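Counting convention: from 1, in listed order, for ligands and their atoms alike. Worth saying up front: this structure is predicted, and the values here are computed from it rather than measured. All values below come from the heavy atoms of this structure, side chains included, with hydrogens, waters and symmetry mates left out.
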Amino acid sequence: MAKIALITGITGQDGAYLAEFLIKKGYVVHGIKRRSSLFNTERIDHLYQDPHLENRNLILHYGDMTDSMNLTRIIGDVKPDEIYNLAAMSHVKVSFDTPEYTANADGIGTLRVLEAVRLLGLTDKTRIYQASTSELYGLVQEVPQKETTPFYPRSPYAVAKMYAYWITVNYREAYGMHASNGILFNHESPLRGETFVTRKVTRAVARIVLGLQKEVFMGNLSSKRDWGHAKDYIKAMYLILQQDTPDDYVISTGVTTSIRDFIKMTFAKLGVTVEFRGEDESEEGFIASVDETLFAQKVGLEYLAGFKDRVGMTVVKVDPAYFRPTEVDLLIGDNTKARTKLGWNPEYDLDSLCVDMITSDLTLMKKETFLRDGGYRINNYFE
Ligand code: NDP
Ligand code: GDR
């Protein structure tokens with residue numbers, strides 16, 4: 001009998017990679033997606049199967065983390081062996097604008113899933129993975145952060161996730177559930193949402209070198225993140241649920257990098273050296289030089305003449321609208337427990353992640369050259 005997994009948030013970055021990974025392992029994957037006035041399944045369209053087919057291995061259900069009855073009905077119908085609770089309003093900056101909704105979806109939403117499993121009598125059958133986050137460490141109390149580091153959340157998102165973390169631990173201890181937290185540090189990919197910082201940068205850099213956009217407006221350039229690849233991180237989620245005993249794990253790379261350095265690194269992959277001058281809100285990044293051979297090889301010779309004129313010009317500016325009321329300045333995770341207990345061994349480092357993202361965005365932006373105002377449209381949302 002094939003194992004059955006239920007993924008909440010299947011239309012998101014992690015949900016898409018995890019669904020593909022589990023289907024390859026022979027699972028039947030059920031996913032919960034929200035009703036939307038636009039198609040919202042782009043990340044999993046390649047896995048989609050006609051509902052008229054028999055023996056499908058991907059089945060989608062309409063649902064929402066704020067709707068207990070809906071979640072209970074779906075879990076009761078599907079009776080999953082494993083639930084991966086990935087659905088969340090996942091943008092930290094936006095959580096300051098929508099704090100109550102974020103608490104409802106990200107915090108109480110997790111309780112709804114746990115309680116549905118309990119009330120449906122699935123406690124012994126269904127294992128639960130909770131998508132916890134390095135944002136719990138917030139104003140960090142220890143460097144690097146590990147499973148025992150005290151939490152100090154710094155946003156409505158992180159506070160909601162703190163509730164979700166502890167209610168997962170509580171259901172494990174109170175009812176003996178196989179419920180575990182993966183405390184995942186930032187993980188990115190070509191499928192990353194366009195308003196998270198790495199993807200915003202790789203999209204903008206692609207558009208700038210192609211001559212589609214002049215500059216990009218950023219928030220805090222000095223904060224540091226421990227970035228890994230989503231493809232590696234979803235494997236950790238799977239491994240966590242294959243353990244005999246439920247537990248909580250930090251998933252990270254152990255390397256931290258500033259936003260400023262990630263911007264420099266991304267341009268450098270295309271032969272462009274960007275340097276920064278000025279401070280705080282007046283800081284800006286400008287093109288210092290171009291390695292013409294590398295640029296021609298990576299971007300295309302036809303774009304070189306136009307781009308060379310831009311040497312000396314500003315391509316990165318700071319707009320305080322992107323600052324957060326409370327910031328998380330430094331994250332760096334200690335993944336010893338995951339490596340030793342789970343045997344988790346990531347394939348990507350930041351360098352190969354950056355190459356994967358910029359290569360993908362260059363290809364995409366070359367196809368989408370008609371979207372001449374796209375970069376600015378995204379910027380207007382101040383995420
Ligand atoms: P995304 O934002 O890409 O995906 C979130 C998913 O949740 C989407 O499918 C979204 O649907 C869905 N969703 C949002 N609100 C609701 C709701 N009310 N009801 C049902 N579904 C909802 O996030 P990621 O894939 O990057 O992250 C997955 C999970 O891991 C999230 O819980 C996130 O908070 C957490 N996390 C992420 C990290 C990261 O670096 N990526 C690190 C640590 C934790 P739609 O497509 O319709 O918007
Ligand atoms: P984060 O990711 O808040 O860590 O949450 P994000 O990429 O949004 O920000 C990382 C850092 O970059 C700074 N920053 C900017 N961020 C955005 N989005 N846009 C900008 O223009 C910008 N300029 C600078 C931010 O201030 C921050 O310091 C992500 C989400 O996936 C969460 O769901 C997850 O829990 C955590 O990672 C781990």
> Are Phe21 and Tyr27 an aromatic pair by the rule of ring centers under 6.0 Å?
Replying inline: no

> How does Lys93 reach ligand 2, if at all, at less than 4.0 Å between non-hydrogen atoms: by side chain, backbone, both, or neither?
Replying inline: neither

> Of the protein's non-hydrogen atoms, which lies at the shortest distance from atom 31 (C) of ligand 1, and what is that distance?
Replying inline: Leu86 O, 3.0 Å

> Closest non-hydrogen protein atom to atom 1 (P) of ligand 1, residue and atom name please, with distance?
Replying inline: Ser90 OG, 3.7 Å

>> Tell me whether the NZ or CZ atom of Arg118 lies within the 45° cone about the ring axis of Tyr175 and under 6.0 Å from its centre.
In response: yes

>> So Arg34 and Tyr62, do their side chains get closer than 4.5 Å, heavy atoms only?
In response: no

> Any idea which of Val197, Val316, Val318 brings a heavy atom closest to atom 7 (O) of ligand 2?
Replying inline: Val197

> Does a side-chain N-to-carboxylate-O contact under 4.0 Å join Lys231 and Glu20?
Replying inline: no

> atom 14 (C) of ligand 1: which protein heavy atom is closest, and how many Å away?
Replying inline: Ala88 O, 3.2 Å

>> Quick check on contacts: which atoms of ligand 2 are under 4.0 angstrom from a heavy atom of Ser90?
In response: 30 (C), 32 (C), 33 (O)

> To which protein heavy atom is atom 4 (O) of ligand 1 closest, and what is the distance rounded to 0.1 Å?
Replying inline: Gly12 CA, 3.3 Å

> Taking non-hydrogen atoms only, is Lys33 closer than 4.0 angstrom to ligand 1 via side chain, backbone, both or neither?
Replying inline: neither

> What's the shortest distance from atom 18 (N) of ligand 1 to any protein heavy atom, and which residue and atom give it?
Replying inline: Tyr101 OH, 2.7 Å

> What atoms of ligand 2 come within less than 4.0 Å of a heavy atom belonging to His91?
Replying inline: 18 (N)

> Could an N or O of ligand 1 be found under 3.5 Å from any N or O of Ser132, whether backbone or side chain?
Replying inline: no

> Based purely on interatomic distance, does Thr11 place a nitrogen or oxygen under 3.5 Å from a nitrogen or oxygen of ligand 1?
Replying inline: yes

> Under 6.0 Å between the ring centres of His229 and His187?
Replying inline: no

> Under 6.0 Å from the six-membered ring centre of Phe295 and within 45° of its axis: does the NZ or CZ of Lys308 meet both?
Replying inline: no

> Relative to ligand 1, is Tyr84 under 4.0 angstrom through side chain, backbone, both or neither, heavy atoms considered?
Replying inline: neither

> Mind checking whether His30 and His61 have parallel, tilted or perpendicular rings, split at 30° and 60°?
Replying inline: parallel

> Is Ser36 touching ligand 1 with its side chain, its backbone, both, or neither, if touching means heavy atoms under 4.0 Å apart?
Replying inline: neither

> What residue and heavy atom of the protein are closest to atom 21 (N) of ligand 1, and at what distance?
Replying inline: Ala87 CB, 3.5 Å

> Do Tyr157 and His91 make the cut of ring centroids closer than 6.0 angstrom?
Replying inline: no

>> Less than 4.0 angstrom from a charged side-chain N to a carboxylate O is my criterion; do Lys125 and Asp81 meet it?
In response: yes

> Is Glu302 salt-bridged to Lys366, cutoff N-O under 4.0 Å?
Replying inline: no

>> Out of all atoms in ligand 2, which are within 4.0 Å of some heavy atom of Val92? Include the element for each.
In response: 3 (O), 5 (O)

>> Test of understanding: given a 4.0 Å heavy-atom threshold, classify the contact between Arg34 and ligand 1 as side chain, backbone, both, or neither.
In response: side chain

>> Set out, in order, the CA-CA distance, both residues' side-chain angles and the distance that settles side chain to side chain donor-acceptor pair (under 3.5 Å) for Glu82 and Tyr84, then state yes or no.
In response: CA-CA 7 Å; Glu82 297 171 6; Tyr84 294 87; 2.7 Å; yes

> Where the closest heavy atom to atom 28 (O) of ligand 2 is concerned, which of Ser223, Ser155, Ser95 has it?
Replying inline: Ser223

> With backbone taken as N, CA, C and O and side chain as the heavy atoms from C-beta onward, which portion of Arg192 lies under 4.0 Å from ligand 1: side chain, backbone, both, or neither?
Replying inline: side chain

> Heavy atoms only: which of Lys224, Arg225, Arg199, Arg324 is nearest to atom 16 (N) of ligand 2?
Replying inline: Arg324

>> I need the contact type for Lys161 against ligand 2. Using non-hydrogen atoms and a strict under-4.0 Å cut-off, is it side chain, backbone, both or neither?
In response: neither

>> When you measure from the heavy atoms of Arg192 to every atom of ligand 2, does any distance fall below 4.0 Å?
In response: yes

> Is Asp248 salt-bridged to Lys337, going by a charged N under 4.0 Å from an acidic O?
Replying inline: no

>> Check contact between Phe323 and ligand 2, using heavy atoms of the residue and a distance below 4.0 angstrom.
In response: no

> Are Trp344 and Tyr249 near enough that their ring centres are under 6.0 Å apart?
Replying inline: no

>> I want to know if ligand 1 touches Ala105 in the polar sense, i.e. an N/O pair below 3.5 angstrom.
In response: no

> How far is atom 33 (C) of ligand 1 from its nearest protein heavy atom, and which residue and atom name does that atom have?
Replying inline: Tyr157 OH, 3.6 Å

>> Evaluate Tyr322 for polar contact with ligand 2, using N/O atom pairs at a separation under 3.5 Å.
In response: no

